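All remarks here apply to the structure that follows.
Numbering of ligands and ligand atoms starts at 1, following listing order. Along the sequence shown, the residues carry numbers beginning at 1. As the structure is a prediction and not an experimental result, all values here were calculated from the model.
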Amino acid sequence: MAIPFIDLAAQRARIGRRMSDAMMAVLDSGAFIMGPPVRELEQQLCAFGEGRYALSCANGTDAIVLPLMAWGVGAGDAVFCPSFTFASTAEVVPWTGASPVFVDIDPVTYNIDPAGLERAIVETLANGDLIPRAVIAVDLFGQPADYPAIAAICRRHGLKLIADSAQGFGCTLNGLHPLHWADVTTTSFYPAKPLGCYGDGGAVLTNDEALAEMMDSLRVHGKVVASDLKGRTFDHDPKYLSMRVGMNSRLDTIQAAVLIEKLAIFADEIVTRNRIAARYNDLLRPHVLRVPEVIAGGVSTWAQYTIEHADRDGLAAHLKSRGVPTAVYYPIPLHLQPAYDIYPVANGALPVTDAASKTVISLPMHPYLGESQQDEIVAAVASFG
Ligand SMILES: *Cc1c(COP(=O)(O)O)cnc(C)c1O
């Protein structure tokens with residue numbers, strides 16, 4: 001049997017019946033957008049992610065832009081983020097008119113390097129072209145960024161902090177979720193993410209009531225919200241007042257129904273992912289340049305299991321010939337991409353990012369990866385000259 005990179009069918013076999021029933025119930029209800037299951041999911045996301053407010057939205061990219069819009073980040077502002085990430089992390093910044101400033105990563109965790117971030121902020125302030133406003137840290141491959149260090153830097157410089165946890169929603173550091181340190185945690189429910197739905201979806205979590213209300217307005221075309229009405233009178237129904245320029249970023253009810261079923265087994269799946277990753281590490285360590293290492297005190301959701309190999313492309317071809325699928329995240333860092341090479345690179349170069357992009361390769365990883373398939377994958381890696 002072919003080895004899948006991510007086995008969504010195995011998960012579907014586990015909870016398929018309950019999920020089908022939940023989806024049919026939505027069809028029967030007729031409430032296709034923002035129906036009752038959406039509210040229910042948002043409450044469950046609050047409980048799971050230990051946040052006071054959770055707002056679902058259309059995808060994980062919108063989830064990142066919503067707080068930036070709510071804070072009024074715009075032209076002339078700098079938003080610091082890694083280059084070794086998916087395009088969305090940086091893409092949302094020019095949407096607002098602001099400029100991403102790319103920062104290098106830690107060579108072990110692949111997450112934004114706090115020392116590099118501090119230097120980038122100082123450098124940006126010295127240049128005087130852009131005003132530092134926010135940091136987007138990414139929980140790459142599922143493991144938490146170094147939030148205590150990053151949050152201290154943000155506090156010192158008065159910057160907002162977003163945890164782009166599209167890959168890492170559910171990860172913890174010293175038992176705490178990224179939202180313990182960040183102003184906002186964002187996630188994606190893209191099907192291949194650790195907590196995925198059957199289409200596009202996303203969510204944003206915060207403990208800040210005013211911010212939550214503003215993002216609620218922005219995700220529905222800048223609709224009027226309670227604080228807009230305070231102390232004002234209207235000679236017509238204010239329901240259709242547009243208070244600000246927003247967007248259409250709602251979650252389909254059917255996706256909420258899917259996610260409620262998946263969230264019910266998510267904690268268990270994270271435990272399984274960690275057991276599988278630990279076994280990979282033990283078996284692969286002698287055969288590769290580097291096996292993944294999680295920050296001290298961290299628990300990863302293992303969105304990817306990523307090793308390094310000096311002949312990454314040779315290994316990929318060899319594994320393919322043995323029926324083992326692989327993927328490379330990310331072969332071209334954002335600061336070298338045509339869309340983003342015009343934006344500033346902190347401290348002039350990103351040597352750790354550049355090096356990692358040449359050696360990383362991700363192996364099949366999902367909570368239903370059995371030991372015999374894992375042994376096959378390990379044997380295939382070990383047999384590469
Ligand atoms: C997937 C991903 C996103 C965006 O999610 P979409 O739902 O595809 O918009 C953002 N950031 C990171 C790091 C991602 O991996």
Determine, for [X] against [Y], whether the closest basic-nitrogen to carboxylate-oxygen distance falls under 4.0 angstrom.
X    : Y    : answer
D228 : R244 : yes
D216 : K223 : yes
R322 : E376 : no
R17  : D21  : yes
D77  : K160 : no
D375 : R279 : yes

Is there a polar contact, in the sense of an N or O pair closer than 3.5 Å, between [X] and ligand 1?
X    : value
G60  : yes
T85  : no
S88  : no
Y190 : no

(message) As a check for students: among V65, D164, V92, identify the option with a heavy atom nearest to atom 12 (C) of ligand 1.
(response)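 Result: the heavy atom closest to atom 12 (C) of ligand 1 is in D164.
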(message) As a check for students: among E91, Q304, K193, identify the option with a heavy atom nearest to atom 15 (O) of ligand 1.
(response) K193
(message) Once you restrict to heavy atoms under 4.0 Å, what part of V138 touches ligand 1? Side chain, backbone, both or neither.
(response) side chain
(request) Would you kindly specify which portion of T61 sits under 4.0 Å from ligand 1, judged on non-hydrogen atoms: side chain, backbone, both or neither? (result)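 Contact part for T61 vs ligand 1: both backbone and side chain.
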(message) I want to check something: taking the side chain as every heavy atom from C-beta on, are P82 and V103 in contact at a cut-off of under 4.5 Å?
(response)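 They are not in contact (no side-chain heavy atoms under 4.5 Å apart), so the answer is no.
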As an exercise, identify every atom of ligand 1 less than 4.0 angstrom from a heavy atom of [X].
X    : value
S188 : 5 (O), 6 (P), 7 (O)
T89  : 11 (N), 13 (C)
N59  : 7 (O), 9 (O)

(message) Using a 3.5 Å distance criterion without hydrogens, assess whether the side chain of Q167 forms a donor-acceptor pair with backbone atoms of L140.
(response)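 Judged by distance alone, no pair lies under 3.5 Å.
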